[in-house]
Amino acid sequence: MREEILSLKNQAIAQISAAKSAEDLEELRIAYLGRSGKLTELFKRIKSVPSEEKKLVGVLINEAKNALTSLLSERKNSLKESARDWFDPTIPGIKPPRGHLHLVTHAIDEIANTFAQIGFVRVRYPEVEWDWFAFGGLNMPKDHPARDEWETFFVEGLNHPKFGEMVLTPQTSSGQLREMQRVKTPPIRMINIAKCYRRQIDVSHFPMFHQFEGLVIDEGISIAHLKGTLDYFARNFFGKERKTRLRPFHFQFTEPSFEVDITCGICEGKGCKVCKGGWLELGGAGMVHPVVLKNGGIDPSKYTGFAFGWGVERTYMMKSGLSIPDIRLLYSSGLQFLRQF
Ligand code: DAH
């Protein structure tokens, strides 16, 4: 019976290999493996095989069945392939959809490039930070009411013996102390652009937003350097005609402190409906407080410095003239909105 099995198998293989259509294949399947197919018939005859041969015959028939089954499905697939419509290489291809960078990524790149041209080095520091870097070391003691302005996220249960509680950075100013500790000996000229987190959400606030923080420390740094840097930024980022002004303000970590305004781009400082008086508010700045220098390990009797910290989203909207009615749209992942930019 052995020879019979092998020759049946070879015959089937030859026929299956030569089949030209799916229908032929199906016919062959029925002829060999169907309920009364040729191979199935052999199975039925195992009963009458002498018992010492039974096992071997069983194995051979099974092998034949497996070989034919897999050859049938292989052939079926390859017939499907070749039946496909023919390919016309002259038809123009379908372009895959092309993405682009997020509006805020563009803003960050532009801001970083503008400052890089006058020697500011972009740095990055932890977004999950100890209280001391975010507040305490910036001259804002634990119970100081000024802290209320920064509605901070605290990471529960984590406490540093020296640096206190763990927070999500509420402002990029934490990078000031980190940079002073890293560089140790001035000059320092950093631009820290990073995510900030505060417990606020409405049309103009989002719990995660971005700030950019400049810090310059060296011997003899004065308000004149601060003003010059801000004017440079105004001209190069917003346009040649733009100017800045410093308005007295208060921050714990700078003395004196200012709010920086920029001339309105629409009326060039004359006063119009948008700016109401010719000026638009950019953000905070000031001369680094001696206590902060000391906390950063820098001798305030030898070195002075200035700092500024503004919101990326706000600054970019002012530049582009985009008025986004709700800041939450920027981080909504809504493609219909994001595709516009
Ligand atoms: N960190 C302040 C805030 O988030 C902004 C700021 C003010 C940064 C004055 C500075 C500065 O570097 O000198 O509101």
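Each ligand, and each atom within it, is numbered from 1 in the order the structure gives.
A side-chain contact (heavy atoms from CB on, under 4.5 Å) with Lys227 is found for one member of Leu230, Thr229, Asp231 and no other, namely Asp231.
Here Phe253 has side-chain heavy atoms under 4.0 Å from ligand 1, and that is the only part of it that gets that close. Contacts between Glu213 and ligand 1, counted as non-hydrogen atom pairs separated by less than 4.0 Å, involve the side chain only. Contacts with ligand 1 closer than 4.0 Å are made by no heavy atom of Phe306, backbone or side chain. By the criterion of a heavy-atom distance under 4.0 Å, the backbone of Ala285, and not its side chain, is placed next to ligand 1.
Residue Phe258 places no heavy atom under 4.0 Å from ligand 1.
Centroid-to-centroid, the aromatic rings of Trp310 and Phe233 come within less than 6.0 Å. Ring centers of Phe237 and Phe212: at least 6.0 Å apart, outside the cut-off.
By the 3.5 Å distance cut-off applied to N or O atoms, Pro170 is not counted among the residues near ligand 1.
Remark: ligand 1 atoms within the under-4.0 Å shell around heavy atoms of Ser173 are 1 (N), 8 (C). Proximity to Gln211 (heavy-atom distance under 4.0 Å) selects the following atoms of ligand 1: 3 (C), 4 (O). Those atoms of ligand 1 that come under 4.0 Å of a heavy atom in Gly286, given as number and element, are 13 (O). For ligand 1, the atoms lying closer than 4.0 Å to a non-hydrogen atom of Thr254 are 13 (O). For ligand 1, the atoms lying closer than 4.0 Å to a non-hydrogen atom of Ala307 are 12 (O), 13 (O). The distance from ligand 1 to the heavy atoms of Gln176 drops below 4.0 Å at these ligand atoms: 12 (O).
Note that Arg178 lies in the cation-pi zone of Phe133, set by a 6.0 Å cut-off to the ring centre and a 45° limit from the axis. Remark: Lys319 is not positioned above the aromatic ring of Phe238, lacking an NZ or CZ atom under 6.0 angstrom from the ring centre and at most 45 degrees off the axis.
Remark: among candidates Phe212, Phe251, Trp310, the nearest residue to atom 7 (C) of ligand 1 is Phe251, based on non-hydrogen atoms.
Taking the side chain as every heavy atom from C-beta outward, Arg189 and Phe115 never approach each other to under 4.5 Å. The side-chain heavy atoms of Tyr197 and Thr169, taken from C-beta on, include a pair separated by under 4.5 Å. Side-chain atoms of Glu313 and Phe206, non-hydrogen and from C-beta on, never get closer than 4.5 Å to each other.
Salt bridge Arg45/Glu4: present, at least one basic N to carboxylate O contact under 4.0 Å.
For atom 4 (O) of ligand 1, the closest non-hydrogen atom on the protein side is Arg198 NH2, 2.8 Å. Residue, atom and distance of the protein heavy atom nearest to atom 1 (N) of ligand 1 are Gln171 OE1, 2.6 Å. In terms of protein heavy-atom proximity, atom 8 (C) of ligand 1 is closest to Gly309 N, 3.3 Å.
Here Phe308 contributes atom CZ and Leu282 contributes atom CG; the two are 10.5 Å apart, rounded to the nearest 0.5 Å.
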